[in-house]
Amino acid sequence: MRYWLMKSEPSAFSIDDLRKKNVSGWDGVRNYQARNFMKAMTLGDRAFFYHSSQEPVGIAGIMEICGLAYPDPTQFDKKDPHYDPKAKPGAPVWFHVDVKFLRKLPRLVGLFELRASPALKRMALFRLGRVSITPVTAAEWNVVLAMAGGDGPFIDK
DNA sequence: GCCAACGTTGGC
DNA sequence: GCCAACGTTGGC
């Protein structure tokens with residue numbers, strides 16, 4: 001199992017929106033690196049749900065990859081803001097995975113805390129600042145869960 | 001709302 | 001295939 005971090009602006013789609021839907025396609029990604037990371041995902045991988053752009057910015061919850069990469073339908077929809085005229089149904093450009101809500105963290109772990117943690121210095125999140133999906137190591141995953149705290153040990157099960 | 005960083009596009 | 005111009009992301 002591998003770990004990932006996936007960004008979304010909560011005004012567009014938040015951890016609470018995912019909780020209500022339970023399962024959702026992670027659509028609208030229009031960056032090749034992020035797309036390639038989604039293609040590398042396997043069923044059962046875990047991902048942090050990261051709230052970007054609006055305070056509080058940081059990791060809000062965790063989810064599971066429950067559908068392998070397949071063409072993102074919004075690329076073909078002229079009315080969608082993510083419409084891409086380069087893409088044709090026979091030759092899709094953009095792919096996305098399905099994600100399933102697992103849980104919110106006991107508290108949101110803010111970006112400033114992530115930056116401040118020596119154990120997280122090398123997170124791909126910082127190196128690939130403008131890529132909305134980045135890999136996370138198992139060690140980083142556990143550090144973030146420990147930072148989130150909660151009542152007793154926070155078990156990712 | 002500003003703007004730095006950086007990915008993407010397109011002219012040559 | 002380079003690189004300047006442009007557009008977008010995302011932190012602040």
Side-chain angles (χ1 to χ4, degrees), chain A residues 2-21 24-41 45-65 67-99 101-137 139-149:
Chain A
R2 297 171 71 180
Y3 301 97
W4 308 91
L5 180 146
M6 303 171 80
K7 297 180 190 174
S8 176
E9 295 190 31
S11 60
F13 189 67
S14 71
I15 185 78
D16 289 321
D17 294 330
L18 179 60
R19 179 160 61 173
K20 279 180 219 132
K21 285 182 73 176
S24 177
W26 197 266
D27 61 20
V29 172
R30 296 293 182 267
N31 169 282
Y32 290 103
Q33 266 185 289
R35 179 200 68 180
N36 293 342
F37 285 137
M38 282 197 285
K39 285 185 166 183
M41 291 176 179
D45 282 3
R46 298 290 166 92
F48 287 130
F49 194 125
Y50 178 97
H51 280 179
S52 64
S53 293
Q54 298 169 218
E55 288 297 331
V57 168
I59 295 172
I62 63 179
M63 50 197 174
E64 178 178 335
I65 307 308
L68 296 177
Y70 62 102
D72 176 346
T74 64
Q75 69 194 302
F76 309 123
D77 180 357
K78 286 201 167 82
K79 296 188 296 293
D80 192 282
H82 299 291
Y83 171 68
D84 185 345
K86 292 193 304 296
K88 298 286 175 285
V93 178
W94 302 110
F95 292 74
H96 71 329
V97 295
D98 288 333
V99 297
F101 176 82
L102 288 185
R103 66 190 67 201
K104 292 175 79 166
L105 294 185
R107 67 180 185 87
L108 182 138
V109 180
L111 176 59
F112 71 99
E113 295 177 69
L114 299 173
R115 280 197 206 285
S117 167
L120 301 177
K121 277 270 184 303
R122 302 180 47 125
M123 266 189 108
L125 169 67
F126 305 132
R127 216 165 5 94
L128 306 173
R130 296 177 65 254
V131 180
S132 65
I133 297 173
T134 50
V136 172
T137 67
E140 290 162 351
W141 181 267
N142 290 324
V143 167
V144 172
L145 292 187
M147 289 169 82

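This is a predicted model, so every value here is computed, not measured. Here is how names work: the chains are called A, B, and so on, in the same order as the sequence lines, proteins then strands, and each is numbered from 1.
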Which atom of [X] lies closest to which atom of [Y], heavy atoms considered:
X      : Y      : value
A:D72  : A:G28  : OD2-N, 2.7 Å
A:M147 : A:V109 : CE-CG1, 4.0 Å
A:L68  : A:V97  : C-CG1, 4.1 Å
A:P73  : A:H96  : CD-CE1, 3.6 Å

Within this structure, what is the [atom1]-to-[atom2] distance between [X] and [N], rounded to whole angstrom?
X      : N      : atom1 : atom2 : value
A:F112 : C:dC12 : CZ    : C1'   : 14 Å
A:Y50  : C:dT9  : OH    : P     : 15 Å
A:H51  : C:dT9  : NE2   : C1'   : 17 Å
A:N31  : B:dA5  : CG    : P     : 18 Å
A:L5   : C:dG10 : CG    : C1'   : 13 Å
A:E113 : C:dG11 : CD    : C1'   : 16 Å
A:Y32  : B:dC6  : OH    : C1'   : 16 Å
A:H82  : C:dG7  : NE2   : C1'   : 15 Å

| note | Sorted by position of nearest nucleotide on DNA chain C, 5' first, the leading residue of A:G28 and A:E55 is A:G28

| According to the interplanar angle, ranging from 0 to 90°, do the rings of A:W94 and A:Y32 count as parallel (below 30°), tilted (30 to 60°) or perpendicular (above 60°)? | tilted

| query | Can you say whether the rings of A:W141 and A:F48 are parallel (under 30°), tilted (30 to 60°) or perpendicular (over 60°)? | reply | parallel

| query | Of the residues in residues 115-131 of chain A, which ones touch DNA chain B at a heavy-atom distance under 4.0 Å? | reply | A:R130

| OP1 or OP2 of C:dG10 less than 4.0 angstrom from a side-chain nitrogen or oxygen of A:K7, does that happen here? | yes

| Nearest to side-chain heavy atoms of A:S53, which nucleotide of C:dG10, B:dG7, C:dC12 | C:dG10

| query | Do the side-chain N and O atoms of A:S14 and A:D16 include a donor-acceptor pair separated by under 3.5 angstrom? | reply | no

